[in-house]
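Comments concern the structure below.
Hydrogens, waters and symmetry mates are skipped; everything else that's a heavy atom, side chains included, is used. The first residue of the sequence shown is numbered 1, and numbering continues consecutively from there. Remember, it's 1-based here, ligands and their atoms both numbered in the order they're listed.
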Amino acid sequence: MSIPPVALITGAGSGIGQITTELLALEGCRLALVGRTESKLQSTIDLLAADIADPPETMIIAADISDQRQARAAVDMTVERWGRVDILINNAGIATLSALEDADADLIYQMFAINALGPLYLVQRCWDTFVKHKSGCVVNVSSMAAISPFPGLGVYGMAKSAVDGLTRAIMTEGATHGISAYSIAPGAVETPMLRANFDTRSLPTQNTLTPENVARVIVDCATGRRTEDAGSVIPIPSPGS
Ligand code: NAP
């Protein structure tokens, strides 16, 4: 019997991350769920228990990935428990609407720290275990805003462009170690993040993706079903766009 892969998923307590966690559980992965709010992560564990007859081993790690020490500790706790990380899903993110001319230093820093630096810190800390096991797969959740910014999402789109750069850099430095990376760039997805910024009048539900639409692509990349797309940005446009 093969050893179940270990996946670390950030932002696992809601939206795209929650459904991705469930799909990876169905693939038999052992799962480290990372986010700042423990109760949200617990709600994902409860969902797995309700939906899956024989849920895999899981652990909850309350951490702010924009804090380098906490990001490193999240990887260390996973490696201490299971001896490895095979799959890193960099899904956690924030999107605060602001016109370019209004974005203050705090907003700019937060946007880059959570959306771009956190993923980098996690990749750095996973590197040793990836190299040791001669394999590792990183799936970075980017955004269509990196390709075609919506007004008010310019700084967010800049940070997501940095994530796309991280995907390419991982391919350049990781290929000889069996490490691959993907960027997934969804349009509007029906999640708490979207609805904190846009109501259904300005963005009707029929023009949005479901979290599952996106999670399925993430999991296909993470489980080796889309190796031909490694290193690229995979767009998932909103319906009707
Ligand atoms: P969501 O439901 O708000 O999920 C984001 C998750 O990230 C939350 O569970 C949040 O949990 C976690 N998070 C935020 N800051 C964090 C931090 N500093 N450290 C650790 N965890 C943190 O939104 P979502 O739409 O599913 O977003 C998932 C990803 O998809 C994001 O990267 C987002 O940019 C991207 N995306 C979303 C859309 C969309 O339309 N929804 C479109 C394109 C791309 P805590 O607050 O508890 O930490």
Side-chain angles (χ1 to χ4, degrees), residues 8-23 32-45 47 60-75 88-97 109-122 138-150 152-153 155-164 166-167 182-200 202-205 207-215 217-218 233-239 241:
L8 187 159
I9 306 130
T10 66
S14 61
I16 296 166
Q18 184 170 68
I19 305 300
T20 300
T21 303
E22 189 166 23
L23 295 182
L33 283 64
V34 179
R36 291 170 300 187
T37 316
E38 201 165 334
S39 58
K40 285 164 64 176
L41 301 172
Q42 185 57 50
S43 74
T44 301
I45 301 279
L47 191 74
I60 281 179
I61 304 171
D64 178 345
I65 56 148
S66 67
D67 176 325
Q68 191 174 29
R69 275 192 317 173
Q70 293 185 42
R72 287 176 168 179
V75 174
L88 169 63
I89 311 286
N90 273 321
N91 165 75
I94 57 159
T96 310
L97 281 179
Y109 176 73
Q110 278 288 100
M111 209 67 76
F112 275 82
I114 297 175
N115 292 317
L117 298 182
L120 171 60
Y121 300 149
L122 290 159
V138 180
V139 183
N140 291 317
V141 181
S142 177
S143 171
M144 284 295 268
I147 301 163
S148 172
F150 192 85
L153 288 175
V155 179
Y156 170 76
M158 287 174 68
K160 291 297 190 181
S161 295
V163 167
D164 295 341
L166 174 62
T167 295
Y182 302 80
S183 271
I184 313 293
V189 191
E190 203 59 56
T191 70
M193 174 189 283
L194 182 81
R195 290 304 169 204
N197 287 323
F198 304 101
D199 63 21
T200 49
S202 61
L203 190 46
T205 311
N207 293 340
T208 61
L209 297 156
T210 66
E212 188 171 344
N213 294 146
V214 181
V217 180
I218 296 172
V233 179
I234 303 172
I236 312 179
S238 315
S241 63

Query raised in the report: How far is atom 12 (C) of ligand 1 from its nearest protein heavy atom, and which residue and atom is that?
Result: Gly11 CA, 3.7 Å
Requested in this report: Of the side chain and backbone of Met193, name the one, both, or neither that has a heavy atom under 4.0 Å from an atom of ligand 1.
Outcome: both
Report summary line: atom 26 (O) of ligand 1 has as its nearest protein heavy atom Ile16 N, 2.9 Å
Report summary line: Closest to atom 22 (C) of ligand 1 among protein heavy atoms sits Ala92 CB, 3.6 Å
Query raised in the report: N/O to N/O below 3.5 Å, does that happen between Ser143 and ligand 1?
Result: no
Query - Residue, atom name and distance, where the atom is the protein heavy atom closest to atom 5 (C) of ligand 1 - result: Gly93 O, 3.8 Å
Query raised in the report: What is the closest protein heavy atom to atom 14 (C) of ligand 1, and at what distance does it sit?
Result: Arg36 NH2, 3.3 Å
Query raised in the report: So is Ile65 polar-close to ligand 1, meaning N/O to N/O under 3.5 Å?
Result: yes
Report summary line: Honestly, for Val189 the part within reach of ligand 1 (heavy atoms, under 4.0 Å) is both
**Report entry** Nearest protein heavy atom with distance in Å, relative to atom 31 (C) of ligand 1
**Finding:** Asn91 O, 3.1 Å
Requested in this report: Assess the side chains of Ser183 and Ser142: does a donor N or O sit below 3.5 Å from an acceptor N or O?
Outcome: no
Report task. Report yes or no: do Ser161 and Asp164 form a side-chain donor-acceptor pair below 3.5 Å? Result -> no
Report task. Would you check the N or O atoms of Ser66, main chain and side chain alike, for any that come under 3.5 Å of an N or O of ligand 1? Result -> no
Query raised in the report: For ligand 1, is any non-hydrogen atom under 4.0 Å from Ala12's backbone (N, CA, C, O), its side chain (CB onward), both, or neither?
Result: neither
Report summary line: For atom 42 (C) of ligand 1, the closest protein heavy atom turns out to be Gly187 O, 3.0 Å
